[in-house]
Amino acid sequence: RLADSEVRVSGEQSVRVKRRTKLLAMGKTPVRMKAVVYALSPFQQKVMPGLWKDLPAKISHKISDNWLNATLLLTPVIGTYSYAQWYKEQEKLHHRF
């Protein structure tokens with residue numbers, strides 16, 4: 001049994017909801033289970049317009065707020081990697097002859 005209804009979400013997007021009701025038997029007693037399936041309207045598919053709005057300002061804000069944490073994380077990682085590369089190069093030069 002399917003029942004369709006249309007729901008307005010945030011003014012612009014319309015979402016079609018299908019409710020499916022099934023009778024399933026758990027043991028000997030039938031149990032009703034309901035599932036809701038959401039789908040976007042083909043006429044209005046502005047899914048996440050706020051994600052791309054003012055993106056450079058959002059990125060600069062994140063960097064300016066977290067520069068200390070990023071520095072404390074990346075400095076040991078980059079330092080270890082560069083030391084490993086340097087050591088590997090020294091080993092190659094040592095065993096060259």
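For Glu89, the salt bridge (charged side-chain N to carboxylate O under 4.0 Å, His left out) partners two or more places apart in sequence, or in a different chain, are Lys92. Applying the ring pair (Phe, Tyr, Trp, His ring centres under 6.0 Å) criterion to Tyr83, with sequence neighbours excluded, gives Trp86. By the side-chain contact (heavy atoms from CB on, under 4.5 Å) test, Ile63 pairs with Ile59, sequence neighbours left out.
In the hydrophobic clustering of this structure, Leu55 groups with Leu51; members are Ile, Leu, Val, Met, Phe, Trp, Tyr whose side-chain heavy atoms approach within less than 4.5 Å, directly or through other members.
Residue pairs meeting the salt bridge (charged side-chain N to carboxylate O under 4.0 Å, His left out) criterion with at least one member in residues 56-85, sequence neighbours excluded, do not occur.
By the 4.5 Å side-chain criterion applied to Ile, Leu, Val, Met, Phe, Trp and Tyr, Leu68 is assigned to a cluster that also includes Trp67, Leu72.
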